[in-house]
Amino acid sequence: MTEAVAGARDDGERRAELAGSLAAVRERVAAAARSAGRDPAEVGLLAVTKTWPASDVALLTDLGLTAFGENKEQEGAAKAAELAALRPDVAAHWHVVGRLQRNKARSLARWAHAVDSVDSARLVDALERAAAAAFEAGERTTLLEVLVQVSVDGDPDRGGTPVDEVPGLADRVAACAHLRLGGVMAVAPQGVEPREAFATVWEVAQGVRATHAGAVTLSAGMSGDLEAAVEYGSTVVRVGTALLGRR
Ligand SMILES: *Cc1c(COP(=O)(O)O)cnc(C)c1O
């Protein structure tokens with residue numbers, strides 16, 4: 001893998017590097033989909049751009065990507081504003097993918113399309129209040145999409161809600177007027193075979209879909225385990241390192 005140094009490269013060189021890694025990631029996703037008997041078009045790509053500069057995000061939009069993930073509210077807010085200045089004609093969708101403090105909800109409601117890492121009722125309530133206030137202030141016109149993060153091993157330190165609490169949390173999101181329940185998200189825990197983890201997540205996702213027809217998203221798979229996730233029904237892989245380089 002090539003080492004990429006943020007901001008230290010000529011734009012054309014970085015563009016070629018990103019084009020190459022994007023093609024490789026797309027090929028991995030397509031191969032995994034084909035071997036699982038799935039249509040590669042069913043699997044979306046969220047580029048996780050944390051720690052990388054807005055100039056890289058701009059180059060990724062030139063390559064056709066529009067969905068980006070950040071794990072820190074402040075970094076995401078700044079990058080979203082920078083991208084809007086660099087590419088004013090691009091309608092990018094920003095996702096928060098990391099653990100989130102409730103006091104950041106009001107700010108993220110101004111710039112984020114989605115929060116993929118929702119794992120508590122208190123966070124759901126804070127996001128609903130924040131999204132409502134953002135609508136009121138004319139800062140957003142679309143519902144804030146929410147994914148419920150599933151904790152496969154039940155370890156609360158890593159984020160996510162235990163499997164048996166997912167349906168209740170999904171119901172709570174669905175009842176909020178300014179949120180839209182998109183589905184579920186998961187990170188395969190360390191020490192668990194990814195296929196085993198993603199099989200569990202797939203069952204949880206099916207349960208949520210059974211009661212919420214619009215909650216079709218299953219966000220699973222990262223640079224190291226996207227093949228296993230695609231095999232188990234992932235509809236969005238979240239890729240950082242394999243696209244942008246080592247952080
Ligand atoms: C950083 C991050 C990713 C991307 O991980 P890579 O291994 O760099 O592809 C995906 N999901 C979440 C929640 C992350 O924090």
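Read the numbers this way: they start at 1 and go in the same order the structure lists the ligands and their atoms.
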Do we see a donor-acceptor contact under 3.5 Å between the side chains of [X] and [Y]?
X	Y	answer
E42	T235	no
R99	S117	no
E231	W202	no

Item to check | Geometric N/O contact R238 with ligand 1, under 3.5 angstrom | outcome: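 Yes.
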Checklist entry - Any nitrogen or oxygen of M222, main chain or side chain, under 3.5 Å from a nitrogen or oxygen of ligand 1? => result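 No, M222 has no N/O under 3.5 Å of an N/O on ligand 1.
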Measure the distance from [atom] to every protein heavy atom, then report the residue, atom name and distance (to 0.1 Å) of the closest one.
atom	answer
atom 9 (O) of ligand 1	S223 OG, 2.5 Å
atom 13 (C) of ligand 1	V97 O, 3.3 Å
atom 14 (C) of ligand 1	K50 NZ, 3.1 Å

Checklist entry - Please walk me through it: do Q149 and V187 pass side-chain contact (heavy atoms from CB on, under 4.5 Å)? => result CA-CA 8 Å; Q149 184 180 346; V187 179; 4.2 Å; yes
Checklist entry - Counting each atom of ligand 1 from 1 as listed, which ones have a heavy atom of V239 under 4.0 Å away? => result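 Per the distance check, 9 (O).
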Item to check | Proximal atoms of ligand 1 relative to R247 (non-hydrogen, under 4.0 Å) | outcome: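 In order of number, 1 (C), 8 (O).
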Checklist entry - Side chain, backbone, both or neither: which part of T241 comes within less than 4.0 Å of ligand 1 when only heavy atoms are counted? => result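 For T241, the contact with ligand 1 is made by both the backbone and the side chain.
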Checklist entry - Any Lys/Arg nitrogen of D125 or R172 sitting under 4.0 Å from an Asp/Glu carboxylate oxygen of the other? => result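 Looking at R172 together with D125, the answer is yes, because their closest N to O distance falls below 4.0 Å.
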Checklist entry - Would R14 count as a cation-pi partner of W52, with NZ or CZ less than 6.0 Å from the six-membered ring centre and within 45° of the ring normal? => result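 Flagged: R14 positioned over aromatic ring of W52.
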